[in-house]
Amino acid sequence: MSYNLLKGKRGIIFGALNEQSIAWKVAERAVEEGAIITLSNTPVAVRMGEVNALSEKLQCEVIAADATSVEDLEEVFRKSMEVLGGKIDFVLHSIGMSPNVRKKRRYDDLDYNMLDTTLHISAISFHKMIQVAKKMDAINDYGSIIALSYVAAQRTFFGYNDMADAKALLESIARSFGYIYGREHNVRINTISQSPTMTTAGAGVKGMDKLFDFANRMSPLGNASAEECADYCIVMFSDLTKKVTMQNLYHDGGFSNVGMSLRAMATYEKGLDEYKDEQGNIIYG
């Protein structure tokens with residue numbers, strides 16, 4: 001059902017890859033709510049993914065860009081304003097990748113060049129995105145910028161690795177830039193800490209299926225789906241949340257405030273054999 005929450009608004013959605021992507025769902029809901037948008041992802045993702053199909057469905061333009069490149073981001077905002085006919089009202093940063101996770105490097109044995117890549121792609125790109133937009137005066141007053149985060153920014157989760165560091169930095173950027181952009185242009189910047197979600201990126205996290213199940217057992221309302229996250233993003237893009245900024249907003253069915261649930265406790269004493277090495281030592285990394 002559409003409520004026309006974004007009627008007349010212009011937006012840029014970064015990170016849609018395929019139908020499992022939260023960004024994909026956000027793009028669909030934004031258009032359904034009356035917005036006109038552009039999509040952006042890396043040239044490789046545009047070639048290898050399904051974003052062109054989404055573009056055709058929503059009748060919006062895809063602008064290939066490396067979100068770690070200031071020059072590419074300048075082109076995204078310049079072209080988006082040209083295509084959409086004015087300044088931008090909302091931006092979604094749904095970008096995250098860790099080579100250390102992909103290569104199954106443990107947290108106590110990180111490759112630091114890979115760590116640099118993780119931080120640049122997953123967090124510093126957010127700073128660059130906002131800084132470019134501000135310098136170009138590309139976002140309307142009372143615009144909304146959202147980045148997707150995860151509770152591992154505050155708490156330790158087995159297998160989440162250096163992505164936890166990236167998410168912590170991402171949330172710090174939202175607070176620091178939120179103050180400046182809010183004071184100068186009333187632009188609000190927030191992060192949404194989403195439940196574990198079975199996206200292409202999420203599937204790379206070690207033990208993701210078990211983490212998904214654990215969070216679902218712990219959360220009073222169960223895990224929030226990608227579609228439900230999209231609904232939340234739409235509300236944050238709308239004029240209904242004009243005074244919400246610099247917040248990390250949990251969208252996790254209550255998981256972040258539960259110590260132990262009955263459903264989780266019921267599986268507490270299962271074995272750890274699959275996490276042991278050949279000598280019988282538990283591998284914690």
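- Geometrically, K167 does not engage Y150 in a cation-pi contact, judged by NZ or CZ lying under 6.0 Å from the ring centre and within 45° of the ring axis.
- Within the 4.5 Å cutoff, side-chain heavy atoms of R29 are placed close to those of D231.
- To the nearest 0.5 Å, atom CG of residue N190 and atom CZ of residue R175 are 11.5 Å apart.
- Here the side chains of F157 and V151 are in contact, with some heavy-atom distance below 4.5 Å.
- The main-chain N or O of I12 is never found under 3.5 Å from a side-chain atom of T38 such that the two would form a donor-acceptor pair.
- By the 4.5 Å heavy-atom criterion applied to side chains, V244 and M236 are counted as neighbours.
- Not a single donor-acceptor pair under 3.5 Å links the side chain of T241 to the backbone N or O of F237.
- Between D165 and Y107 there is a side-chain heavy-atom pair separated by less than 4.5 Å.
- Salt-bridge formation is not detected for the pair R105/D162: no Lys NZ or Arg NE/NH1/NH2 atom is positioned less than 4.0 Å from an Asp or Glu carboxylate oxygen.
- Electrostatic pairing of K25 and E228 does not count as a salt bridge here, judged by no charged N lying under 4.0 Å from a carboxylate O.
- Under the 30°/60° scheme for interplanar angles, the aromatic rings of F177 and Y181 are found to be tilted.
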Q) Taking it one step at a time, do T191 and N248 satisfy side chain to side chain donor-acceptor pair (under 3.5 Å)? A) CA-CA 5 Å; T191 54; N248 179 52; 2.8 Å; yes
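- Using a distance-only test at 3.5 Å, with no hydrogens or angles considered, no donor-acceptor pair links the side chain of E50 to the main chain of N18.
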Q: Apply the test ring-ring contact (aromatic ring centres under 6.0 Å, His included) to residues Y232 and H251: give CA-CA distance (whole Å), side-chain angles for both, the deciding distance (0.1 Å), then the verdict.
A: CA-CA 8 Å; Y232 197 18; H251 185 249; 5.0 Å; yes
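- A side-chain donor-acceptor contact under 3.5 Å links T118 to the backbone of M114.
- A distance-only check finds no donor-acceptor pair linking the side chain of D141 to the backbone of N186 [under 3.5 Å].
- Once rounded to the nearest 0.5 Å, the distance linking CD1 of I37 with CD of E28 reads 9.0 Å.
- A salt bridge between E82 and K79 is absent, with no side-chain N of the basic residue lying under 4.0 Å from a carboxylate O of the acidic one.
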